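The structure presented is a predicted model; accordingly, all values stated were derived computationally and were not measured. Naming convention: chains lettered A, B, ... in sequence-line order (proteins, then strands); numbering from 1 in each chain.
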Number of protein chains: 4
Amino acid sequence: MRRASDTAQKRRRQIFEAAIAVISEKGFHKATIREIAAAAGLGKGTIYQYIDKKEDLIPLIAEVGISLMSAKISEAASLDAPPEEKLRIAIKSQLALFDEHSRLAEVMGGEIERIKHEDSELITRVFEERYLNALASLVSEAAGRERFSKGESLVIAELIAVMCLLWSHSVLAKKNAGGIEAYETLLEEFVLRGVSGRRKEAENG
Amino acid sequence: MRRASDTAQKRRRQIFEAAIAVISEKGFHKATIREIAAAAGLGKGTIYQYIDKKEDLIPLIAEVGISLMSAKISEAASLDAPPEEKLRIAIKSQLALFDEHSRLAEVMGGEIERIKHEDSELITRVFEERYLNALASLVSEAAGRERFSKGESLVIAELIAVMCLLWSHSVLAKKNAGGIEAYETLLEEFVLRGVSGRRKEAENG
Amino acid sequence: MRRASDTAQKRRRQIFEAAIAVISEKGFHKATIREIAAAAGLGKGTIYQYIDKKEDLIPLIAEVGISLMSAKISEAASLDAPPEEKLRIAIKSQLALFDEHSRLAEVMGGEIERIKHEDSELITRVFEERYLNALASLVSEAAGRERFSKGESLVIAELIAVMCLLWSHSVLAKKNAGGIEAYETLLEEFVLRGVSGRRKEAENG
Amino acid sequence: MRRASDTAQKRRRQIFEAAIAVISEKGFHKATIREIAAAAGLGKGTIYQYIDKKEDLIPLIAEVGISLMSAKISEAASLDAPPEEKLRIAIKSQLALFDEHSRLAEVMGGEIERIKHEDSELITRVFEERYLNALASLVSEAAGRERFSKGESLVIAELIAVMCLLWSHSVLAKKNAGGIEAYETLLEEFVLRGVSGRRKEAENG
DNA sequence: AATGAATGAGGATTCATTCAT
DNA sequence: CATGAATGAATCCTCATTCAT
């Protein structure tokens with residue numbers, strides 16, 4: 001009873017990993033099921049016991065991707081540290097995640113939005129509920145109460161996410177920044193000034 | 001002689017427009033040559049008089065896209081206004097461009113990086129030379145001399161570009177911001193604080 | 001020993017019923033083993049303990065189908081009634097059988113001939129020996145001795161079978177006849193005139 | 001203008017012939033598009049310029065088949081001969097058609113009804129309107145006015161069609177009849193007695 | 001220059017069958 | 001005996017690309 005479910009779960013993970021690897025390499029459409037199956041160490045037909053159609057890899061990846069990303073944010077949020085420090089750590093850990101799982105980052109940033117899927121709206125909602133909301137809270141705290149409306153915080157959270165994702169995508173960013181630490185520092189400071197600057201302006205003025 | 005070239009140029013524009021329209025709608029791979037040809041009011045075979053293979057649409061689009069984007073930056077740069085105002089206007093005009101040509105924005109942001117092409121490096125270089133450099137100069141000026149290294153300015157310019165593009169991509173950004181003006185204001189302020197804040201910190205400290 | 005055989009027999013019947021049901025619905029090729037197994041309340045693999053390959057369902061169905069059809073003919077033949085009446089009853093009971101087991105009729109009429117099987121000749125022979133011969137005898141008796149050669153009687157028997165089967169197949173027959181009783185009356189009279197008419201012609205001439 | 005349409009028509013005929021040939025040999029499902037294309041002397045993809053999906057071969061075949069069959073009936077109907085003779089000739093020509101185009105006959109009798117197609121109802125209607133009605137008129141005339149209702153004539157017409165088709169299908173019919181002439185004679189007499197017998201009964205009674 | 005019919009490589013998907021449990 | 005996960009052969013269909021007109 002336990003075993004069956006476990007095996008299925010294991011298979012799903014195998015497929016997820018393989019899909020990430022191949023799709024990040026070649027893009028969703030050029031990644032063939034045969035390749036993904038081979039990368040997962042499975043037969044071509046076996047994939048179809050776990051998904052109905054190739055597109056179903058998208059929600060599979062999205063779900064795990066959002067989980068990983070959210071986990072990092074929650075971790076940062078639960079720290080006992082000043083709000084600005086928490087946000088800084090959130091950005092750092094997000095970048096570290098994307099650097100480690102750069103393939104995942106590429107797929108999250110590049111394909112998931114583009115592949116129209118019947119679950120697209122669901123994915124968007126889950127992304128907002130599980131990820132953006134948590135990050136927006138950090139933004140809000142770092143900015144100080146009432147500096148940003150709920151909507152503004154969410155937009156800024158999305159901007160932060162996009163800037164973190166840029167690292168995995170952009171050849172130019174890698175070249176111009178010089179290294180991930182430099183990018184990280186630049187990004188942290190840029191964001192913190194953008195977030196908390198308003199408060200300072202108010203205080204100073 | 002002149003006429004022939006003119007016709008060719010006209011055809012290229014037809015194809016470019018059609019390609020943008022169809023690709024933004026369905027993504028590069030699901031956009032078929034037949035559809036693009038039809039959208040351009042041309043026969044399927046005619047397309048192949050202007051490109052060698054489907055992928056060649058990518059540099060065609062990129063070139064025009066980068067031109068449009070660069071033109072807006074140059075325009076802002078040539079204004080007689082304080083640096084911060086120039087940067088603000090650059091962002092505003094960039095957003096306006098993406099809002100007007102939202103299809104182009106979607107293709108620029110979504111497909112161009114993902115479709116590996118023999119000219120990919122060329123495109124990247126042109127993007128840096130014609131667009132990022134100009135925007136980086138505005139960033140640099142707005143920040144005040146010696147606040148950012150060349151590389152840092154370029155990275156920030158790319159961050160700005162990405163944040164502007166987000167508008168066309170993201171359902172959530174549209175929903176959470178409430179409207180393009182609100183998004184514009186938020187973005188301008190966020191960027192300007194991020195860019196000029198460092199100077200103020202230095203001055204205040 | 002006995003029990004094992006009984007279970008096997010029971011399984012075979014389950015599979016036969018399920019196969020009829022699914023194949024009549026979707027045709028042989030679109031009927032999947034998984035569906036047939038499910039319809040039989042068995043696991044997919046279990047089917048393969050009773051057949052070697054999917055095509056083996058055909059002789060399984062044929063055998064049972066021919067048995068049912070033959071039984072009705074034998075029954076009619078054993079009645080104590082005038083030859084014409086016996087033939088009439090044979091037709092009636094045949095139609096009733098096909099009406100009750102309409103799925104079986106559809107498979108008998110539609111698929112069995114079409115699916116080439118190594119046992120196809122065997123099935124044909126059994127059909128002739130167990131079914132056609134019996135029905136041909138009734139035809140022969142109804143016609144009066146020496147009216148039809150053996151071959152002629154067999155051909156007419158097959159014509160009768162085909163006309164009875166039409167009922168299960170044909171939307172138009174159902175629509176145009178108006179109901180099974182009307183079809184039955186029409187068919188009986190048509191056949192009886194066809195069969196016994198020759199005798200009358202001879203007598204009258 | 002003319003040429004384009006002509007070529008298309010020619011292609012359709014090529015495909016029709018090839019489809020008949022291959023499908024009659026192996027059945028609809030085992031006949032592959034590749035084989036049909038090869039038999040038509042065309043490339044695999046070319047087929048799909050004339051049909052949308054494999055199933056669309058069914059209405060293509062049905063249409064031509066019904067035309068051929070109907071033509072023979074109309075021909076018989078237009079003869080200047082006594083009604084019974086016309087019906088006799090109709091049967092003879094129908095059998096001759098099926099004997100000549102035995103592959104077509106097999107497909108008409110075996111596959112067309114079984115392959116569910118979105119046009120199935122249309123095919124049925126056309127079959128009734130173009131074929132059954134014409135044959136039913138001959139039946140009606142041969143029987144004498146008011147012997148059969150419209151519906152009865154239609155049913156008998158369908159019975160006749162099925163009995164003619166049997167010739168192409170049945171190994172046993174071929175074996176037991178001894179030859180097509182014998183089958184023809186047997187069938188003609190059987191039908192004519194079945195059709196006109198009722199009248200004689202009335203007259204004699 | 002413009003066209004679209006012809007083509008076949010390529011890929012998603014299905015499903016009969018096997019086999020370890 | 002019963003099962004269903006695993007498998008890959010087999011096949012439909014799409015679509016970029018060519019080429020004769």
Looking only at heavy atoms, the pair that brings C/P59 and C/D119 closest together is CG-OD2, 4.1 Å

Tell me the closest heavy-atom pair linking C/L165 and C/G109, and the distance in Å. CD1-CA, 3.9 Å

In what stems does DNA chain F take part, counting only runs of at least 3 consecutive Watson-Crick or G-U pairs whose two distances fall under 3.5 Å? E:2-21 with F:2-21

Rounded distance (Å) that lies between atom C1' of F/dA5 and atom NZ of A/K10: 13 Å

Of A/Y48 and D/K44, the one whose closest nucleotide on DNA chain E sits nearer the 5' end is D/K44

Proximity to DNA chain E (any heavy atom under 4.0 Å), residues of residues 49-58 of chain C only: C/K53, C/K54

In terms of heavy-atom contacts, D/R114 and C/H169 come closest through NH1-CE1, 3.9 Å

Measure the NZ-CD1 distance between B/K53 and B/I58 for me, rounded to the nearest 0.5 Å. 11.5 Å

Kindly say if D/T46 contacts the phosphate of E/dA5, meaning a side-chain N or O under 4.0 Å from OP1 or OP2. no

Taking side-chain contact (heavy atoms from CB on, under 4.5 Å) as the test, write out the residues that go with A/Y50, two or more places apart. A/A8, A/R11, A/R12, A/I15, A/T46

Any idea which heavy atoms bring B/I61 and B/M108 closest together, and the distance? O-SD, 4.3 Å

For C/A18 and C/I36, which heavy atoms make the closest approach, and how far apart are they? CB-O, 3.4 Å

Positions of residues 21-41 of chain B (non-hydrogen atom under 4.0 Å from DNA chain E), listed by number: none

So, does A/R11 get its side chain near the phosphate of F/dA6, meaning an N or O under 4.0 Å from OP1 or OP2? yes

Which atoms form the tightest heavy-atom contact between A/A37 and A/K44, and what is the distance? CB-CA, 3.8 Å

Who passes ring pair (Phe, Tyr, Trp, His ring centres under 6.0 Å) against C/F127, sequence neighbours left out? C/Y131

Any D/I123 side-chain heavy atom under 4.5 Å of D/I66 side chain: yes

Which atom pairs, donor and acceptor, lie under 3.5 Å between side-chain atoms of residues 21-32 of chain D and protein residues at least two apart or in another chain?
unit_1, atom_1, unit_2, atom_2, d
D/S24, OG, D/I20, O, 3.1
D/S24, OG, D/A21, O, 3.0
D/S24, OG, D/R103, NH1, 3.4
D/E25, OE1, D/R103, NH1, 2.8
D/K26, NZ, D/E35, OE2, 2.7
D/K30, NZ, C/E55, OE2, 3.4
D/T32, OG1, D/E35, N, 3.1
D/T32, OG1, D/E35, OE1, 3.3

Taking CD1 from A/I47 and P from E/dG11, how many angstroms apart are they, rounded to a whole number? 16 Å

